[in-house]
Number of protein chains: 2
Amino acid sequence: MATNGYKKVSEEPQRQIHQVNPYGPNPADFLSNVGNFQLIESTLREGEQFANSFFSTEKKIEIAKALDDFGVDYIELTSPVASEQSRSDCEAICKLGLKAKILTHIRCHMDDARVAVETGVDGVDVVIGTSQFLRQYSHGKDMNYIAQSAVEVIEFVKSKGIEIRFSSEDSFRSDIVDLLNIYKTVDKIGVNRVGIADTVGCANPRQVYELVKTLKSVVHCDIECHFHNDTGCAIANAYTALEAGARLIDVSVLGIGERNGITPLGGLMARMIAADRDYVLSKYKLHKLRDLENLVAEAVQVNIPFNNPITGFCAFTHKAGIHAKAILANPSTYEILKPSDFGLTRYIHFANRLTGWNAIKSRVDQLNLNLTDEQCKEVTTKIKKMGDIRPLNIDDVDSIIKDYHTDISTPKLRANNTTTEVEVDELNEVSEAKRQKTEA
Amino acid sequence: MATNGYKKVSEEPQRQIHQVNPYGPNPADFLSNVGNFQLIESTLREGEQFANSFFSTEKKIEIAKALDDFGVDYIELTSPVASEQSRSDCEAICKLGLKAKILTHIRCHMDDARVAVETGVDGVDVVIGTSQFLRQYSHGKDMNYIAQSAVEVIEFVKSKGIEIRFSSEDSFRSDIVDLLNIYKTVDKIGVNRVGIADTVGCANPRQVYELVKTLKSVVHCDIECHFHNDTGCAIANAYTALEAGARLIDVSVLGIGERNGITPLGGLMARMIAADRDYVLSKYKLHKLRDLENLVAEAVQVNIPFNNPITGFCAFTHKAGIHAKAILANPSTYEILKPSDFGLTRYIHFANRLTGWNAIKSRVDQLNLNLTDEQCKEVTTKIKKMGDIRPLNIDDVDSIIKDYHTDISTPKLRANNTTTEVEVDELNEVSEAKRQKTEA
């Protein structure tokens, strides 16, 4: 299972430095699925539990189609017993004929299972709380009861010929012996997947690694993981789970879900492409990520966070003078993600007091002016002085450069070529983004 | 060093379940500093490299004072050679007499060091690129040259009686032998700290653990870590670095910095309080976190991300029916962070189609109405039906409950008591947050 059939030969020329990717799978992880993972996309289940969510049937269908087009492996939907509309929406999405398999998510109870198998889903995700906390304060059942219900529900769902996953809830606060016992039991009767859930969002990566690795030695089926993000580790935990041999990760667009949500689809794509670019590019349409995020953000009335991985307005903006020099020479110096993989563009933010003469020299070249390195350093000093007084925009910098140029020589301004104009437009987009933020 | 003098006896009664915190420090990590870490707050250095940043002198002073009040151990400032104003701002902040130590951040060069030591700072953070990428495309120097410059700068700064840190840049793409050699050299001549930097934001937690643990066996001084967040692992990497024996973490408010930034102060506080609540509460004024984030967000013209740890508008909002029951019985079931630690409040979002009868029963009680469990279940069905048709607000739910109550009995409405009103206000705040998002 650790080898995968998806590897395609990269058409890119080899990078000049480093034949080995230091961010790739760890060769010591024999069971790693970093290069062979699958996504269970839960915007239409976990995401419905986000405070702002109210998806109409039309919006659910639009989102499901967009997720399918992006290339997710599974789409998980709210339980059909949650409400009458939830049930009919589930049936409607099953009828779309998407490439992605459709799942629904139910409590470990025959009442729920009987409804779920009639909706037309490809599989059912069953969950039950196994921690002392949930056993005492939620359903009030003991481990024997849990095991009995699990066996009954699993055998029923299997008899209908569809996939079944059994997951514990709040796994990291559950007794490890209880957990392994029940996973072993359900694995024997033939579930497709067992799930680990960090329901309260507090697991840390090494803890995840240990639990998944242990579970991997107990069960033969695939392992799915679900991580909440209360303490900011949901992406890292997902990655570490794959290193330990988990195969499937639950994600949602922008991570929307209960409280501050779960592993975000976009953030996980950033993480995974740094580790195995070929696999990620072979499976997922990354250039559709921004549209997908905009679709969901609009539906739940939130803004894309300014610091969102990949699509945050400044994710590919470089500002410090010492960074700009290297970025201009070779983007890989300060950028492990290629913006073009996501249909996005890189910006060098040179209109500020932290700017350096290499960034300004690049701007001078764009303006088709002739200045020596010494002259570029001199005009950079003038720009930094102005940048100390107030925020600068590109016009300010261009004026300072042009004035300086006029002072020292006969103007040699040639007509702008197309490339220059495109790049100016790009830089203006940064100003535009700033302006929009100001008005927001 | 791993033992700390900060532990105070918790005044809280012991939780009913679990005497041991499963999210606490791993007992197998003998060198762990999870319960003994320090913060180098870099909003006024790394944060200045954020695309939107332009801090006036007054704003820098306001932010420095707020950080000091929050309790950060160090405040790091932009290099005094970045611009004339940067130098005078650095001097002004040094004169404030804050409890936090003031650092400035410079290139590994005597020209920078000579200016830095004259500003009045308590310490200097020196950085140089050690990866092949940066050696080739940035400064163009070999490891011998780097070592020579480092020794010269370090001895000079030490001769002035102030703290000195030496950090590599892009550490995870640097040759491990080169790295350990130079760290060993600078440790021998007596730096206070050595730094590891994930400059491109792609390190993963287990990789961090290995590098920090190895470095820990080579140097005697403290280890500081700096993580960018391009692939969403900056908080998890910081935590894992502490597990491996690092002592200091670079943070900024909301994580602002180059591209999408570094480990955020608030997110790291969420992570650390889950691991060692007593230590975190003894050192940092967590109830000031929201004000601090608002101050910086306003200064750089961004919104607090909707999914921000702790202060995101929905970080303590519970929605799913099956969660609400347990949360009402014991908040620890689905919440590892206590909102009151941060001066915040928990919300049960019951006005939606995913609601459950336990949440509605709690609302019925708040309204001082008398309904049996069966009646609560019946009215919940009505509410879910309405929730299928359109988004609900609290007034909608209350109307449905009151209509139902009128139908089945003589009204027994008593006057609201104070507790109820407070809770209603809290719930209204959720609607308010939704409304603001809609308008934004």
Side-chain angles (χ1 to χ4, degrees), chain A residues 17 22-23 49 51-52 54 82-85 132-134 137-138 172-173 200 202 204-205 230-233 235-236 239-240 255 258-261 267 270-271 274 301-303 305-307 309 312 314-315 317 319-320 326 329-330 332-334 336-337 349 353-354 384 388 391 434 437-438 440, chain B residues 17 22-23 49 51-52 54 82-85 132-134 137-138 172-173 200 202 204-205 230-233 235-236 239-240 255 258-261 267 270-271 274 301-303 305-307 309 312 314-315 317 319-320 326 329-330 332-334 336-337 349 353-354 384 388 391 434 437-438 440:
Chain A
I17 313 175
Y23 305 109
Q49 294 174 221
N52 274 16
F54 177 87
S83 75
E84 190 49 35
Q85 193 65 47
Q132 284 280 351
F133 280 100
L134 292 177
Y137 296 107
S138 181
F172 294 88
R173 291 194 295 179
V200 294
C202 275
N204 63 63
D230 300 69
T231 60
C233 294
I235 297 171
Y239 184 78
T240 312
E258 280 282 349
R259 305 187 306 284
N260 78 334
R271 176 72 251 157
Q301 303 170 338
V302 298
N303 295 313
F306 76 89
N307 54 3
C314 54
T317 300
K319 184 166 169 186
N330 180 347
S332 297
T333 46
Y334 283 102
I336 197 82
L337 306 177
H349 188 314
R353 65 179 160 206
L354 302 181
K384 288 167 87 77
D388 259 346
K434 282 183 74 165
K437 286 282 154 187
T438 315
Chain B
I17 313 177
Y23 305 109
Q49 294 173 220
N52 274 15
F54 177 86
S83 75
E84 189 50 34
Q85 192 65 47
Q132 284 280 351
F133 280 101
L134 292 178
Y137 296 106
S138 179
F172 293 88
R173 291 194 296 179
V200 295
C202 275
N204 63 63
D230 299 70
T231 60
C233 293
I235 297 171
Y239 184 79
T240 312
E258 281 281 349
R259 305 185 308 280
N260 78 334
R271 178 70 253 157
Q301 302 171 340
V302 298
N303 295 313
F306 77 89
N307 54 3
C314 53
T317 300
K319 184 167 171 184
N330 179 348
S332 296
T333 46
Y334 283 102
I336 196 83
L337 305 177
H349 188 314
R353 65 179 160 205
L354 302 181
K384 288 166 87 77
D388 259 347
K434 282 182 75 165
K437 285 285 155 188
T438 315

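- Here CD1 of B:I336 is found 9.0 Å from CG of A:D230. Values are rounded to the nearest 0.5 Å.
- With a 4.5 Å cut-off on non-hydrogen atoms, B:T240 touches chain A through its side chain but not through its backbone.
- Of the listed residues (A:R271, A:R353, A:E84, A:K384), the greatest number of heavy-atom pairs within a distance under 4.5 Å of chain B belongs to A:R271.
- Per-residue heavy-atom pair counts under 4.5 Å with chain A were compared for B:A315, B:G261, B:G312, B:G255, and the maximum is reached by B:A315.
- Between A:P305 and B:N307 there is a side-chain heavy-atom pair separated by less than 4.5 Å.
- Interface residue B:P205: only side-chain heavy atoms are found under 4.5 Å from chain A.
- A cation-pi contact, defined as under 6.0 Å to the ring centre and within 45° of the axis, is absent between B:R173 and A:Y23.
- For the options B:C314, B:G267, B:P309, B:A270, heavy-atom pairs under 4.5 Å to chain A are most numerous at B:C314.
- Pairing each heavy atom of B:D388 with each of A:F54, the nearest pair is O-CZ, 3.9 Å.
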